[in-house]
There are 2 protein chains.
Amino acid sequence: MVNETQQSCSASSSSRSDGGSSSGSESSKDNSRCSTPVLDADRHERLREKMRRRQEAGDRWFSLEFFPPRTANAAVNLISRFDRMGAGGPLFIDVTWHPAGDPGSDKETSSMIIANTAVNYCGLETILHMTCCNQTKDDITGHLQKAKRLGLKNIMALRGDPAGEEWEEEVDGFNHAVDLVKHIRSEFDDYFDICVAGYPKGHPEAESYETDLRHLKEKVFAGADFIITQLFFRPETFLKFMKDCQAIGITCPIIPGIFPIQGYHSLRQLVKLSKLEVPQEIKDVIEPIKDNDAAIRNYGVELAVSMCRELLDSGVVHGLHFYTLNREVATTEVLKRLGLWKEDPRRPLPWAVSAHPKRRVEDVRPIFWASRPKSYIYRTQEWDDFPNGRWGNSSSPAFGELKDYYLFYLKSKSPREELLKMWGEELTGEESVFEVFTCYITGEPNRNGYKVTCMPWNDDPLATETNLLKDQLEKVNRRGILTINSQPNINGKPSTDPIVGWGPSGGYVFQKAYLEFFTSSEIVTALLKVLKKYELRVNYHIVNVKGQNITNAPDLQPNAVTWGIFPGREIIQPTVVDPVSFLYWKDEAFALWIEQWAKLYEEESPSRMIIQYIHDNYYLVNLVDNDFPLENCLWQVVEDTFELLN
Amino acid sequence: MVNETQQSCSASSSSRSDGGSSSGSESSKDNSRCSTPVLDADRHERLREKMRRRQEAGDRWFSLEFFPPRTANAAVNLISRFDRMGAGGPLFIDVTWHPAGDPGSDKETSSMIIANTAVNYCGLETILHMTCCNQTKDDITGHLQKAKRLGLKNIMALRGDPAGEEWEEEVDGFNHAVDLVKHIRSEFDDYFDICVAGYPKGHPEAESYETDLRHLKEKVFAGADFIITQLFFRPETFLKFMKDCQAIGITCPIIPGIFPIQGYHSLRQLVKLSKLEVPQEIKDVIEPIKDNDAAIRNYGVELAVSMCRELLDSGVVHGLHFYTLNREVATTEVLKRLGLWKEDPRRPLPWAVSAHPKRRVEDVRPIFWASRPKSYIYRTQEWDDFPNGRWGNSSSPAFGELKDYYLFYLKSKSPREELLKMWGEELTGEESVFEVFTCYITGEPNRNGYKVTCMPWNDDPLATETNLLKDQLEKVNRRGILTINSQPNINGKPSTDPIVGWGPSGGYVFQKAYLEFFTSSEIVTALLKVLKKYELRVNYHIVNVKGQNITNAPDLQPNAVTWGIFPGREIIQPTVVDPVSFLYWKDEAFALWIEQWAKLYEEESPSRMIIQYIHDNYYLVNLVDNDFPLENCLWQVVEDTFELLN
């Protein structure tokens, strides 16, 4: 009935339990004592392991290819696209390498920095492409070291296009992708997962299809973990290629590269670059509609869906790789029609997790950066340890300075003109600021007819969760309690709840009500009087830009405001109100008044002086209602405050 | 309105918040960032700080003095008394030093070991007495080093009684308590809190009352933190003494020593030793009733209560020190009448906390040792770090071997004859074992008319909390599910709940239902079939003495089964079901069958062979119902199992 286990109590790390399959029990993995909650196995596995696990579980997946942008503005847009397309649940994304674009540099548009942003700020598993021809060993090693330092874990090893017609192989140089694969394995051992390219029709420069297959086998045997193929137009092309690979002993995963046709010109250009021939049946459809972009895209989507279905139905394909050309619509449409796009992606934690390997254990953050997760990641990037399980114990309060407000992934996505339309070309007093906050909450257009879709403290429209509090928020903002962060109390909703759920299924999530706002010193004076009545129930921190600080928090301890209870796991408490980091957040929150808002106006202008006045005189307040099973009392606190003022 | 704060965000540890008293906010303490949850400030303060805090808060407190026992059996009883009297909430206890009894040795009856047990196993703040005359500096340093090693933090520095009439002061020797105080401060700096003795009537050997006061002042100025007085019979004696002390500049706390008269002979003996004179008015009452112990004790209680009331009413006395003579009744009675005895002591955590300084941060334990906390403390005494916040992260699975089952604080309090009466002089089969378990649960007498008040796995009668499950437990034990540990599910009861509450007030406590039992392999086979239906809801670990182990726990992760949410704090999860430590517990749980039960019978006797059979063939099972907000499904699991077997 049960299996014998080599279990020894004196040797701790070898202690493991083992259930036999015949007993119907689940077998424990052969790992030693787990030091962190594996809330989401994805966070702890390398890409090749994720791929294997998905395949074993019969899960189908997709991945997305992007190229680096040309301009800084395009970079900001691409990162927003990463966030949106990342929400659909790709297994990974990859970023191509453009030798002409200084791909290893620190420029905000370089392949290296775009991949870094995807991993660290968007939390996406990312493959960085890298080509090797015409480069010295030192250059390549330098790029790889930098990639490792930035937290990148996967490389797509390519030869790249030789520069100029006259290129010849160099002795001991990097002449083929296999040289790069060998180099990575010899210099970095097993650190990177390595991907290589496969050519279903054979590489255009190869002597023959068979020779090319042998080259592919060499790359795999040199240490590649999986293969992504060049695009192709017919499913049978890929299925034959896959069979041929297996016949010569290639056993690693082979992922078909899918190119949804999105337009006449992009197709022609791609075909030219890849030296592929478009089948006649496709040309016959496209040529007559070549000036109708929408028609071509519809056709491209149809074609891609039907090809992907055939591949998936074959039973040998588990994942699909999409050449997006940095566009969203066509690929998203194909994925939705295939049922691969996750409409309601499960959040492992309530905030956006970073995919940097150093941050694997991270599972607690202060609530203050809830709407600015990229800023939080940026300001804590130098930390060696991340809080795990408990904030108070392991967190370093050494937040990085927010020196450069124009750092591209932190700056507003909207240009100055748009911000002026939303936040007011001309402010007439504090009330016009209250109006902006109120319009942001309600979604109603402002007096000039523009909707306020972002604020200095929040780049996105109101979160679904905050919508639960909308009526109350509107009321208080109108009266000068300028809210920038809030959450309702939750007393044990299922972890699968579409609005407030997070973590594995079968669990329960909880929250204490939270409210954070700027307000005048007059209101703070009344508020403090009211708070005496709520002394044990409500914790507060009240601070102005100079650091004058009032609190009733015991001993500077953090207060857990979000937590989850899950089957077979320790408690997770991903969000805390921490008195110490609040003072770091305060600097950022006050600075955003000036950097993002005041500076839209001329110096000495009345509008600018109004914002400056608020910055200099208002307080930043946060309130926590500790009695989460009861009705949120924070609205009553605010109500009482207004009453006292009347 | 608010006070300026010296707040600097770049210097983390100096960041503090400060609320002005005029603003009505609570001022944060001047400590740096707190690394652990100060659930109970008592755990983190030294004795002198606790005393000061109590005094500032206007709280009255008491302490208890004991002397070391003569025999090992008496030691076991004294430790039980520590547990019972500790429940009343003394600020500290103290253990006297008997030079004739080898007080610094490792004997189970030595002052050192009794004090060690009080601190580490009973969780009591403890003062160890130490005398210095007739001892070398090395001896004394050795004792102090040992005390420190054992986690003792407080010393009562005494001269002790000179051995023999001929004693003379030695040059550079330890002639007075002040020499010991100086020695402790010079060798151990500020590590120990030091207490010294005060004599309200003057020391009997002192030249005069005034000379004695000067000696006391010397002791205090040499580094003593507070004074406990010799017993006295009239409150005015103490109050005058206190005034006189203050007049010559003694400002530290002075705690009156209270001696409730408990019997004619003990009074006479004490008076002889202390060279005190019993006032005539007391003699007049006692002499006529000297053979009536109860009458004398009643009088003694009355007298003590009235004296204590007068002392407390004086306003200068905040704490009372009781000379218990190792007896319970009189002192407890006095304390209850004074309202100082805590009828419902608040538990800082759901298990008995150890007072060893190394264990200050400890706030997570496996549930398995719930009824054997002293064994858990013993087996983890070599740990350098204790889990704090999360078990999985910081716990060492290096449990000490339980080599010596006769270790005095681990062995059964009951003698063999009583155990045989409870557990059966002669067992006739597995069913007679089922009966013993059932009688323990129900409290009904067994077939021979004896109540079963303890079991090998549980030295005490059923816990109040377990009583909630009594009917269900009885039913399953009758049928061979031999339960040794269980808890009901709790979905957010107030932390002040008298049965399941723990931690600071204003919080909420939660539990997942837990059931642990021994059972036959036949029942396990059926159970495993039933458990498939509960796969996601119920986590199980099933193991036999050989280590055959079946579980559905993911990745050997611990499962939090008790947790609490408190105002302004991080989550506390004091109890986990940890798959790794379960295998260490398994060894102990199975060994108790043999060590405590089988060995009551002759070798080869049928009774012994029945227990041996169970030990060799039964499984130890634990079940957790993860769905704590729903009705506990574990009884249904057991019900279904029995049904399947029928």
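Letters go in sequence order (proteins before strands), and every chain restarts at 1.
Interface remark: N539(A) contributes side-chain atoms only to the contact with chain B (heavy atom separation under 4.5 Å). At a 4.5 Å heavy-atom cutoff, the contact between K512(B) and chain A is made by side-chain atoms alone. When heavy atoms are compared at a cutoff of 4.5 Å, F510(A) approaches chain B solely by way of its side chain, counted from C-beta outward.
Most heavy-atom pairs under 4.5 Å with chain A: of the set N559(B), D625(B), V577(B), V364(B), this distinction falls to N559(B).
Considering only residues two or more places apart in sequence or on other chains, P494(A) meets the side chain to side chain contact (heavy atoms under 4.5 Å, CB included) condition with T496(A). Evaluation of the salt bridge (Lys or Arg N to Asp or Glu O under 4.0 Å) rule for K533(A) yields D640(A) as partners, not counting sequence neighbours.
A 4.5 Å side-chain heavy-atom check between D627(B) and Y508(A) finds at least one atom pair inside the cut-off. Residues V576(B) and R569(A) fail the side-chain proximity criterion, which asks for heavy atoms closer than 4.5 Å.
The number of heavy atoms from other shown groups lying within 6.0 Å of CD (E49(B)) is above 12. Heavy atoms from other residues, nucleotides or ligands lying under 6.0 Å from CG of L536(B) number 12 at most.
Residues W563(A) and I565(B) approach most closely at NE1-CD1, 3.3 Å, considering heavy atoms. Nearest heavy-atom pair, I571(B) versus R390(A), reported as atom, atom and distance to 0.1 Å: O-NH2, 3.3 Å.
Between the N626(A) side chain and the G507(B) main chain, no donor and acceptor come within less than 3.5 Å of each other.
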